[in-house]
Q: 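Following this message is one structure expressed as structure tokens.
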Amino acid sequence: MSESVLVDLVDRVAVLTVNDPDRRNAVTFEMSAALRAAVEAAEANSDVHAVIVTGAGKAFCAGADLTALGAATEEGLRKIYDGFLAVAHCSLPTIAAVNGPAVGAGLNLALAADVRIAGPAALFDPRFQKLGIHPGGGATWMLQRAVGPQVARASLLFGMRFDAEAAVRHGLALSVADDPVAAARELAAGPAGAPREVVLATKASMRATANPGVVDSDQHRIAVDTELGPQARSIESPEFAQRLAAAKRK
């Protein structure tokens, strides 16, 4: 696997660590592709029963790399999304061990997991509106699914952020743990000790019964396609170019 995503397989649990701590694990095309490859390798490995995603260093993921984002067309945006969409569509149980800030596309990566465990320094921050861009990657659907319409609108329309305790209070995270990876490993011991075919079938059934008649991954794809055009247009706007230049000077 690429060094931009580290893989550690212990006791039938694969821990995938996005690994660019100097840039707070900002998503590049390379990292996104490496994350998809790591998820697909875990799904193909019969010894893996669950997947944990976390970040190296102090951040979980600081969002999309601004250089990649600034140059992104609709095709480029899909490349940026690809890694967290692989997590979202993973057939195995997934846990995000959110060790620090999860911003923009990093929030999407956290939302893509089945369960989120927050470290004390976790911060869930959409940041899209502050950057002057439309949410993407299915963020509008994932956040409403996680916290309900009112709280999701407070976040995406009004800039509400969630620290670790607020994330648990609003249902965005399951719990707070001093060591979120260790807590995620403890939780993942459940599927790790169960027959893999039962684990896979249970997740598939939960996807199909969350909204009977529609599989949730299909809903996510619709959300991605709905957001893609408005997000691409917002990135092409002069206002975003000005905000991007200002952000790079900081």
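Since the structure is predicted, the reported quantities are computational estimates derived from the model, not experimental observations. We're numbering straight along the sequence, starting at 1. Excluded from the calculations below are hydrogen atoms, water molecules and symmetry mates; all remaining heavy atoms, backbone and side chain alike, are included.
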Q: Salt bridge or not between Glu165 and Arg169? Use side-chain N to carboxylate O under 4.0 Å.
A: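 No, no charged N to carboxylate O under 4.0 Å.
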
Q: Is it true that Leu228 and Val27 fall in one hydrophobic cluster, defined by side-chain heavy atoms closer than 4.5 Å?
A: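 Yes.
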
Q: To the nearest 0.5 Å, what is the distance between NE2 (His89) and OG (Ser217)?
A: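 If we round to the nearest 0.5 Å, His89:NE2 and Ser217:OG are 5.5 Å apart.
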
Q: Hey, are the side chains of Arg196 and Leu92 touching, using non-hydrogen atoms and a 4.5 Å cut-off?
A: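 They are in side-chain contact.
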
Q: Could you tell me which non-hydrogen atom of Ile95 sits nearest to which non-hydrogen atom of Ala113, and how far apart they are?
A: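 Answer, listing the atom of Ile95 first, then Ala113: C-CB, 3.9 Å.
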
Q: Below 4.5 Å, heavy atoms only, C-beta onward: do Val5 and Met31 meet side chain to side chain?
A: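 Yes. Closest side-chain heavy atoms under 4.5 Å.
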
Q: Check Arg116 against Leu172 and note the closest heavy-atom contact, atom names and distance.
A: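 So the two residues come closest at NE-O, 2.5 Å.
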
Q: Could you give the distance from CG (Asn45) to CZ (Arg12), rounded to the nearest 0.5 Å?
A: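 Nearest 0.5 Å value for the CG-CZ distance: 11.0 Å.
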
Q: For Val15 and Arg185, run side chain to side chain contact (heavy atoms under 4.5 Å, CB included): C-alpha distance rounded to whole Å, both residues' side-chain angles, the deciding distance at 0.1 Å, then the answer.
A: CA-CA 9 Å; Val15 178; Arg185 285 187 182 277; 3.4 Å; yes

Q: Hey, what do you get for CG (Leu85) to SG (Cys90), rounding to the nearest 0.5 Å?
A: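 The SG atom of Cys90 is 12.5 Å from CG of Leu85, to the nearest 0.5 Å.
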
Q: Decide yes or no for Asp125 and Pro101: does some side-chain heavy atom of the first lie under 4.5 Å from some side-chain heavy atom of the second?
A: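 No; the side chains remain at least 4.5 Å from each other.
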
Q: So, the side chain of Gln231 versus the backbone of His134: is there a donor-acceptor pair under 3.5 Å, distance only?
A: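 Between the backbone of His134 and the side chain of Gln231 there is a qualifying donor-acceptor contact (under 3.5 Å).
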
Q: Measure the spacing between CG of Asp225 and CD of Glu74 and express it to the nearest 0.5 Å.
A: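 The distance works out to 9.5 Å.
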
Q: Any pair with a residue in residues 161-184 that passes ring pair (Phe, Tyr, Trp, His ring centres under 6.0 Å), sequence neighbours left out, goes on the list, sorted by first then second residue, please.
A: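 The answer is Phe162-His170.
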
Q: If only side-chain N and O atoms count, and only distance matters, is there a donor-acceptor pair under 3.5 Å linking Thr54 with Asn99?
A: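 On atom types as modelled, these side chains qualify, holding a pair under 3.5 Å.
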
Q: Is it possible for you to say whether Leu174 and Met142 belong to one hydrophobic cluster, with membership spreading through side-chain heavy-atom contacts below 4.5 Å?
A: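 Different clusters.
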
Q: Are Val39 and Leu9 connected in the hydrophobic side-chain network, where two residues link if heavy atoms are under 4.5 Å apart?
A: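 Yes, it is one cluster - the side chains of Val39 and Leu9 are joined through contacts under 4.5 Å.
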
Q: Apply the test salt bridge (charged side-chain N to carboxylate O under 4.0 Å, His left out) to residues Arg221 and Asp218: give CA-CA distance (whole Å), side-chain angles for both, the deciding distance (0.1 Å), then the verdict.
A: CA-CA 5 Å; Arg221 290 188 185 96; Asp218 293 336; 3.1 Å; yes

Q: Just verifying a value: how many Å separate Arg207 CZ and Gln219 CD, rounded to the nearest 0.5 Å?
A: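 Arg207 CZ to Gln219 CD: 11.5 Å, rounded to 0.5 Å.
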
Q: I'd like to know if the side chain of Gln129 and the backbone of Gly159 have a donor-acceptor N/O pair within less than 3.5 Å.
A: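 Between the backbone of Gly159 and the side chain of Gln129 there is no qualifying donor-acceptor contact (under 3.5 Å).
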
Q: To the closest 0.5 Å, what do you measure between CD (Glu75) and CD1 (Ile80)?
A: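 Glu75 CD to Ile80 CD1: 11.5 Å, rounded to 0.5 Å.
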
Q: Is the closest side-chain heavy-atom distance between Arg145 and Asp216 below 4.5 Å?
A: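 Arg145 reaches Asp216 side chain to side chain.
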
Q: Check Ser32 against Gly83 and note the closest heavy-atom contact, atom names and distance.
A: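 Shortest heavy-atom separation between Ser32 and Gly83 comes out as OG-N, 2.7 Å.
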
Q: What are the two closest heavy atoms between Leu156 and Ala139, and how far apart are they?
A: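 In this case the closest contact between Leu156 and Ala139 is CD1-O, 4.3 Å.
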
Q: For a quick check under 3.5 Å, do Tyr81 and Glu227 share a side-chain donor-acceptor pair by atom type?
A: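 Judged by distance alone, the side chains do not pair up.
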
Q: Apply the side-chain contact (heavy atoms from CB on, under 4.5 Å) test between Phe128 and each candidate in Thr140, Val103, Asn108; give the one that qualifies.
A: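 Of the listed options, the one satisfying the test is Asn108.
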
Q: With side chains defined as the heavy atoms from C-beta onward, is the minimum distance between Leu35 and Leu16 less than 4.5 Å?
A: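 When only atoms from C-beta onward are counted, Leu16 and Leu35 do touch, with a gap below 4.5 Å.
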
Q: Considering only heavy atoms from C-beta outward, does the side chain of Glu43 approach that of Glu40 to under 4.5 Å?
A: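 Of all side-chain heavy-atom pairs linking Glu40 with Glu43, at least one is under 4.5 Å.
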
Q: Closest approach of Ala110 and Phe124, non-hydrogen atoms and distance?
A: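 Nearest heavy atoms, Ala110 then Phe124: CB-CE2, 4.2 Å.
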
Q: Do side-chain atoms of Asp82 reach the backbone of Ala33 as a donor and acceptor pair under 3.5 angstrom?
A: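 Not a single qualifying donor-acceptor pair exists.
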
Q: Report yes if the side chains of Lys203 and Thr94 come closer than 4.5 Å at any heavy-atom pair, otherwise no.
A: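 Answer yes - side chains close enough.
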
Q: According to a 4.5 Å side-chain heavy-atom criterion applied to Ile, Leu, Val, Met, Phe, Trp and Tyr, with indirect links allowed, do Leu109 and Val224 form part of one hydrophobic cluster?
A: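 Leu109 and Val224: one cluster.
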
Q: Any non-hydrogen side-chain atom of Ser155 less than 4.5 Å from a side-chain atom of Leu143?
A: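 Yes - at least one pair of side-chain heavy atoms lies under 4.5 Å apart.
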
Q: Mark yes or no for whether Asn25, through its side chain, and Ala59, through its backbone, hold a donor-acceptor pair below 3.5 Å.
A: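 Yes, the answer is positive, given that a donor and an acceptor are paired below the 3.5 Å cut-off.
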
Q: Is there a chain of hydrophobic side chains (I, L, V, M, F, W, Y, each step under 4.5 Å between heavy atoms) that links Leu123 to Ile117?
A: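 Cluster IDs for Leu123 and Ile117 differ.
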
Q: Assess whether a salt bridge exists between Arg24 and Asp65, defined as any Lys/Arg side-chain N lying under 4.0 Å from an Asp/Glu carboxylate O.
A: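 Asp65 and Arg24: not salt-bridged.
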
Q: Which pair of heavy atoms, one from Val98 and one from Ala122, lies closest together, and at what distance?
A: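 Shortest heavy-atom contact: O-CB, 3.4 Å.
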
Q: The test is side chain to side chain contact (heavy atoms under 4.5 Å, CB included); show your working for Val87 and Val51 and say whether it passes.
A: CA-CA 9 Å; Val87 175; Val51 173; over 6 Å; no

